[in-house]
S.K.: 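Quick one: the structure is below, questions incoming.
Reckoned from all heavy atoms, side chains included, excluding hydrogens, waters and symmetry mates. Just so it is clear: chains get the letters A, B, ... in the order the sequence lines come, proteins before strands, and each one is counted from 1.
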Amino acid sequence: MPELPEVETIKNDLEPLIKNSVIDRVEFLWNKTLRGSSPETFNREVAGQRINNLSRRGKYLIIMLDNGKMLLVHFKMTGSFLIGKQEGEPPKHTRAIVYLKDGRGLFFIDPRKFGRFQLVNPGDSPLSELGIEPLSSGFTRQRLGELLSKRKSPIKITLLDQGLIAGIGNMYADEALFLAGIHPLRRAEDISHVEITRLHDAIRHVLLEAIKNKGASIVNYFRPSGETGSAHSHFKVAHRKGVCTACPGAVQRIVIRGRGTYFCPSCQH
DNA sequence: CCCGGAACCTGAAGGC
DNA sequence: TGCCTTCAGGTTCCGG
């Protein structure tokens with residue numbers, strides 16, 4: 001499930017490989033992968049465009065084109081990129097292929113078909129709806145405190161709200177709450193100053209560690225080279241069963257607003 | 001406007 | 001062993 005660290009890894013891996021490459025055309029094998037325009041209109045705008053740079057905002061990968069347009073890619077649950085030669089059958093579950101002029105293909109692989117491509121103008125895009133980047137300098141403990149105040153939802157749900165903080169998904173919300181010792185069902189506005197400090201540190205720590213480990217390959221996610229990440233092997237609670245890594249108690253799994261939530265009842269209050 | 005739940009999807013896992 | 005059901009979850013959409 002590509003969240004901030006996975007998308008950051010894809011961006012870091014891909015940028016040196018495709019920066020300054022020129023797009024020949026983009027083929028959609030599953031039409032709903034393209035959002036907001038028809039494949040014909042889309043191709044009229046991207047064909048022949050040079051890729052200026054790649055960046056990331058929240059869970060979006062941003063491919064900047066020479067004409068000023070941004071190609072946004074959202075990987076949702078099971079999207080990944082694989083780069084290789086164009087010849088032969090595309091890999092299984094390929095939903096779109098970005099053909100580059102140099103003969104390489106960028107394959108968008110997405111078994112569940114939730115992932116989306118969208119061509120937008122800067123300033124006129126879903127990016128403007130996103131909240132603060134948790135790894136930016138603006139994300140201070142004071143700022144986190146402001147975001148949590150007057151929020152009556154469970155803290156877990158608040159952390160997943162992309163309009164408040166951009167990039168945290170189910171796995172890293174569980175990991176951050178475990179590290180901070182906070183029960184996922186606590187009301188956000190009830191979190192104390194001391195706990196907010198711990199949570200702020202925990203969020204940044206789990207995201208930075210996961211980026212160092214090139215993302216978590218729990219299901220489907222892999223890097224553009226085909227390699228997996230190893231962040232999941234460092235998880236303390238997310239997707240774990242059995243004994244807690246920090247105490248003799250057992251990790252519990254509950255469902256909060258439809259999302260599987262892992263936590264340790266004796267470590268998190 | 002806010003909240004909660006369904007829908008989108010398919011492969012994997014679990015139950016009988 | 002095999003068929004059937006359930007589950008996974010990021011985001012959008014819709015109803016209350």
Side-chain angles (χ1 to χ4, degrees), chain A residues 1-11 28-37 56-62 72-82 90-96 107-118 120 125-131 133-134 147-177 184-189 203 207 210 215-222 228-229 231-232 235 237-242 251-263:
Chain A
M1 296 146 243
E3 304 180 21
L4 187 155
E6 287 74 31
V7 181
E8 182 74 14
T9 300
I10 292 169
K11 187 260 293 175
F28 292 94
L29 308 182
W30 175 253
N31 274 338
K32 287 186 187 174
T33 297
L34 177 59
R35 189 185 167 89
S37 62
R56 178 196 58 73
R57 178 80 170 92
K59 300 173 192 171
Y60 286 91
L61 177 71
I62 304 168
L72 303 185
V73 179
H74 199 299
F75 300 92
K76 295 286 180 83
M77 315 268 302
T78 59
S80 292
F81 271 127
L82 201 56
K92 200 176 181 188
H93 303 308
T94 296
R95 308 306 181 194
F107 301 91
F108 183 67
I109 299 165
D110 183 22
R112 298 276 290 278
K113 298 179 173 174
F114 288 167
R116 294 291 180 264
F117 281 32
Q118 188 176 5
V120 301
S125 82
L127 302 185
S128 58
E129 310 289 314
L130 295 175
E133 283 291 322
L147 292 172
L148 299 187
S149 70
K150 295 182 218 137
R151 299 263 157 194
K152 301 187 192 316
S153 300
I155 181 65
K156 164 93 184 249
I157 297 303
T158 310
L159 292 181
L160 294 177
D161 187 338
Q162 301 300 299
L164 296 179
I165 304 171
I168 300 175
N170 204 38
M171 302 182 295
Y172 296 108
D174 283 359
E175 286 297 296
L177 288 171
L185 281 172
R186 287 272 302 285
R187 268 157 58 130
E189 64 179 4
I203 289 169
L207 295 177
S217 294
I218 288 271
V219 280
N220 295 298
Y221 163 79
F222 49 82
T228 54
H232 54 290
F235 281 175
V237 283
H239 292 273
R240 291 183 70 107
K241 295 185 175 77
V251 173
Q252 268 195 20
R253 182 185 183 276
I254 59 175
V255 175
I256 304 178
R257 299 257 180 98
R259 287 170 175 91
T261 300
Y262 297 82
F263 73 106

S.K.: First locate atom NE2 of A:His239, then atom CE of A:Met171, and finally report the distance between them rounded to the nearest 0.5 Å.
M.R.: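 Those atoms lie 6.5 Å apart.
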S.K.: Whole Å only: how far is the CG atom of A:Leu34 from the C1' atom of B:dC8?
M.R.: 17 Å
S.K.: Closest approach of A:Asp110 and A:Gly115, non-hydrogen atoms and distance?
M.R.: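 The answer is OD2-N, 2.7 Å.
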S.K.: Out of A:Phe81, A:Tyr221, A:Phe114, A:Phe222, which one pairs with A:Phe75 under the ring pair (Phe, Tyr, Trp, His ring centres under 6.0 Å) rule?
M.R.: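 Between A:Phe75 and the candidates, ring pair (Phe, Tyr, Trp, His ring centres under 6.0 Å) is satisfied uniquely by A:Phe81.
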S.K.: Pick the P atom in C:dC3 and in B:dC9, then give their distance to the nearest Å.
M.R.: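 Comparing P positions in C:dC3 and B:dC9 gives a spacing of 26 Å.
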S.K.: Distance check: side-chain N/O of A:Gln162 vs OP1/OP2 of C:dT11, anything under 4.0 Å?
M.R.: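 Yes, such a contact exists.
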S.K.: On DNA chain B, compare the nucleotides closest to A:Lys241 and A:Arg95; which residue's is nearer the 5' end?
M.R.: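 That would be A:Arg95.
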S.K.: Please check the phosphate of C:dG10 (OP1 and OP2 only) for any side-chain N or O of A:Arg259 closer than 4.0 Å.
M.R.: yes
S.K.: When you check the phosphate oxygens OP1 and OP2 of B:dT10, does a side-chain N or O of A:His93 lie under 4.0 Å from one of them?
M.R.: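 For B:dT10, neither OP1 nor OP2 has a side-chain N or O of A:His93 closer than 4.0 Å.
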S.K.: Whole-Å distance between C:dT12 P and A:Asp161 CG?
M.R.: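 About 11 Å, once rounded to whole Å.
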S.K.: Among A:Glu8, A:Glu129, A:Glu133, which residue meets the salt bridge (charged side-chain N to carboxylate O under 4.0 Å, His left out) test with A:Arg57?
M.R.: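 Going through the options one by one, the only one that passes is A:Glu133.
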S.K.: In whole angstrom, what separates A:Phe222's CZ from B:dG11's P?
M.R.: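 These atoms are roughly 14 Å apart.
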S.K.: If we take the P atom in both B:dC8 and C:dC4, what is their distance in whole Å?
M.R.: 22 Å
S.K.: Just to be sure I understand: a Watson-Crick pair is purine N1 to pyrimidine N3 plus N6-O4 or O6-N4, both under 3.5 Å. Using that and G-U wobbles, which stems of three or more pairs involve DNA chain B?
M.R.: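 The stems are B:2-8 with C:10-16, B:10-16 with C:2-8.
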S.K.: I'd like a list of close polar pairs between nucleotides 3-7 of chain C and the protein, N/O only, cut-off under 3.5 Å.
M.R.:
none

S.K.: C:dG10, B:dC9, C:dT12: which one has an atom nearest the side-chain heavy atoms of A:Met77?
M.R.: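 Of C:dG10, B:dC9, C:dT12, C:dG10 is nearest to the side chain of A:Met77.
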S.K.: Using the C1' atom as the reference point in each nucleotide, state the distance between C:dT12 and B:dG11 in Å, no decimals.
M.R.: 23 Å
S.K.: Any side-chain N or O of A:Lys76 less than 4.0 Å from the OP1 or OP2 oxygen of C:dT12?
M.R.: no
S.K.: Pick the nucleotide of DNA chain C nearest each of A:Pro126 and A:Phe114; which residue has the one closer to the 5' end?
M.R.: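 Taking each residue's closest nucleotide, the earlier one in sequence belongs to A:Phe114.
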S.K.: Taking only side-chain N and O atoms of A:Lys59, does any of them lie within less than 4.0 angstrom of OP1 or OP2 on C:dT11?
M.R.: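 Result: yes.
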S.K.: Strictly distance-based, threshold 3.5 Å: is any side-chain N or O of A:Glu175 a donor or acceptor partner for the main-chain N or O of A:Val237?
M.R.: yes
S.K.: Atom pairs under 3.5 Å, N or O on each side, protein against nucleotides 14-16 of chain C: can you list them with distances?
M.R.:
none

S.K.: Can you check the A:Lys32 NZ to C:dT11 P distance for me, whole Å?
M.R.: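 Taking atom P of C:dT11 as the reference, NZ of A:Lys32 is at 19 Å.
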S.K.: Over how many whole Å does the gap from A:Asn220 atom CG to B:dA13 atom C1' extend?
M.R.: 14 Å
